[in-house]
> 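Take this structure, written in structure tokens, and hold onto it; I'll ask about it next.
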Protein chains: 2
Amino acid sequence: MEMDQLTERQKDVLDAALALMMEAGDQLTMAGVARRASCSKETLYKWFGDRDGLLTATVQWQASKVRVGPVDRARLDLAGLTSALKGFAADWLRVVSSPTSIALNRLAVAHAGSDKPGLGAIVLENGRFALARRLKPVLEAGREKGLLVLDDAEAAFRTFFGLVARDVQMRLLLGDRMKLTEAEIAGDAAEATRQFLALYGAPNRPAQSGH
Amino acid sequence: MEMDQLTERQKDVLDAALALMMEAGDQLTMAGVARRASCSKETLYKWFGDRDGLLTATVQWQASKVRVGPVDRARLDLAGLTSALKGFAADWLRVVSSPTSIALNRLAVAHAGSDKPGLGAIVLENGRFALARRLKPVLEAGREKGLLVLDDAEAAFRTFFGLVARDVQMRLLLGDRMKLTEAEIAGDAAEATRQFLALYGAPNRPAQSGH
DNA sequence: CCGGAACAGTACCGTAACGTACGGTACTAA
DNA sequence: TTAGTACCGTACGTTACGGTACTGTTCCGG
């Protein structure tokens, strides 16, 4: 979705909505957003149509902020692949443990309970599926270079995803106060990468053993 | 929580609440439950105090229904361990993909957004943590028998959890219409078990290779 | 100087849901 | 028979929120 057509003022309003849903997700009311953004409710309805429009625009606005560029698959040795995987893992852990992501996912999960699948699909598309689109070329490049042994990039991605995420996101969404320091994120990312390479790495070069 | 103090009639009411939140999670209103259960709102408030009390009782009632017995760790060879792990994995996939679990987790996630952590903690306690309590003795028995190599049962459990769950629960909660047939559940459970044993199995007996 | 667009602020309306109160009914025990 | 209990069904008060309309102010082009 094109975010260029958003006025600076409109972006400020959406940022206010984001801040509000972070500190009190269930209190994301139209009057609350208007008060927080110092704008009138009528303006909100003129700009975004209705409450769902505001929510959708907010989710897409946040998604447009975290978009990153692809990885260059040109030169890719084992060290580069390992480093790339660690980077993806750490990025993902940072994202899902951020207050913004937690609030957004809470909203989208609650919204998916209703009939309209809008927000859930958007969050999924810009979260898990975007990660898959970025990571799968790396996996396939690793296979072409003989670094990885896999016949289904999707299955390999889901394994990597599981090794990285484990129970973190669900625990956070359910209110578990987990501490995720930067050191732990780095350690978990390295461990997940090590395990993934143990499962999918080419066997000719045995990855460093001993966990 | 003791569920023995619940009248048969009260259990029927909670079942009605469960059914209602499964087919329309956001429409779980007191009047709706009363209508569905053919009881009066006054009775609901007399029995459960307020809306949160009803929700809590409903979640605990569902949790009390899925509780299962522990596994006997007496005789445990590699085949038994593999079978036990596959059973845990398939059970978990069946649970998280069930409409009941989806509705319950939606409710709990939305509820955790507010100040009270009640429902989220209950769901977490009877879901992920209950699974860990049941699985960790099996893992430690496997270590004592020399079948598994692990120094941290919690870390090993979380790896197993990740290999099994991957992105399934989040996708379902976000409204992704995933088909999870019994055959796929069995296949995924077997694959997760195979990968887990590849990571944590004792190396002296090389597990059957070829993915 | 003037007219209109854009917008903040606020008052207002309709609806939905929580929680309470009350009448009516069936059952039990003295 | 009568008092008491438990409960259903429903009507009611209250609050909260989505959405609309109105007023005043600022700014901009002519």
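In what follows, chains are A, B, ... by sequence order, proteins preceding strands, each numbered from 1.
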> If I take atom CG in residue A:Asp12 and atom C1' in nucleotide C:dC7, what distance separates them, rounded to the nearest angstrom?
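My rounded result for the distance is 15 Å.
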> Could you give the CZ-to-C1' distance, from B:Phe48 to C:dG19, as a whole number of Å?
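For the pair B:Phe48 CZ and C:dG19 C1', the rounded distance is 16 Å.
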> Tell me whether A:Glu191 is salt-bridged to A:Lys86, with the criterion being a basic N under 4.0 Å from an acidic carboxylate O.
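No.
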> Looking only at the side chain of A:Thr29 (C-beta and beyond, no hydrogens), which of the listed nucleotides D:dG19, D:dC17, C:dG19 gets closest?
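Looking only at heavy atoms from C-beta outward on A:Thr29, the closest nucleotide is D:dC17.
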> Okay, side chain of B:Gln60, backbone of B:Ala57: is any donor-acceptor separation there less than 3.5 Å?
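No, because the side chain of B:Gln60 does not come within donor-acceptor range (under 3.5 Å) of the backbone of B:Ala57.
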> Could you check how far CG of A:Leu44 sits from P of C:dA6, rounded to whole Å?
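That distance rounds to 16 Å.
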> When you measure from the side-chain N and O atoms of A:Trp47 to the phosphate of C:dA6, is any distance below 4.0 Å, counting only OP1 and OP2?
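Negative; the distance criterion is not met.
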> In this structure, how many angstroms lie between the C1' atom of D:dA16 and the CG atom of A:Leu28, rounded?
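To the nearest whole Å, that distance equals 15 Å.
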> Name the closest nucleotide to the B:Arg51 side chain, picking from C:dG19, D:dC8, D:dG18.
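When the side chain of B:Arg51 is considered, C:dG19 is the closest of C:dG19, D:dC8, D:dG18.
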> Would one find a side-chain N or O of A:Thr43 under 4.0 angstrom from OP1 or OP2 of C:dA8?
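Yes.
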> Nearest whole Å is fine: how far is D:dG9 P from B:Tyr45 OH?
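Spelled out: OH on B:Tyr45 to P on D:dG9 is 17 Å.
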> Rounded to whole Å, how long is the line connecting atom CG of A:Leu55 with atom C1' of D:dC17?
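In whole Å, D:dC17 C1' lies 14 Å from A:Leu55 CG.
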> For the pair made of CG in A:Leu20 and C1' in D:dC17, what is the distance, rounded to whole Å?
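Going from CG in A:Leu20 over to C1' in D:dC17 covers 14 Å.
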> Go nucleotide by nucleotide along DNA chain D from the 5' end; which of A:Met30 and A:Glu42 gets its closest nucleotide reached first?
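Per heavy-atom nearest nucleotide, the more 5' residue is A:Met30.
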> Set out, in order, the CA-CA distance, both residues' side-chain angles and the distance that settles side chain to side chain contact (heavy atoms under 4.5 Å, CB included) for B:Asn126 and B:Gln62, then state yes or no.
CA-CA 10 Å; B:Asn126 293 283; B:Gln62 169 64 19; over 6 Å; no
> Between A:Ser40 and B:Ala31, which is nearer to the 5' end of DNA chain C once each is assigned its nearest nucleotide?
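The residue whose closest nucleotide sits nearer the 5' end is A:Ser40.
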> Would one find a side-chain N or O of B:Arg9 under 4.0 angstrom from OP1 or OP2 of D:dC8?
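Yes, such a contact exists.
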> For D:dC8 and B:Ser38 - does any side-chain N or O of the residue sit under 4.0 Å from the phosphate oxygens OP1/OP2?
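B:Ser38 to D:dC8 OP1/OP2: no side-chain N or O under 4.0 Å.
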> With no angle test and no hydrogens, is the base of D:dG19 tied to the side chain of A:Lys41 by a donor-acceptor pair under 3.5 Å?
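Answer yes: a donor N or O sits under 3.5 Å from an acceptor.
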> Run the salt-bridge test on B:Glu154 and B:Arg133 with the 4.0 Å N-O cut-off and return the result as yes or no.
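So B:Glu154 does not pair with B:Arg133 through a salt bridge.
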> Could you work out, with salt bridge (Lys or Arg N to Asp or Glu O under 4.0 Å) as the rule, every residue matching A:Arg94, not counting sequence neighbours?
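In terms of salt bridge (Lys or Arg N to Asp or Glu O under 4.0 Å), with neighbours along the sequence ignored, A:Arg94 is linked to A:Asp91, A:Glu182.
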> Separation of B:Arg36 atom CZ from D:dG9 atom P, in whole Å?
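One finds 15 Å between P of D:dG9 and CZ of B:Arg36, rounded.
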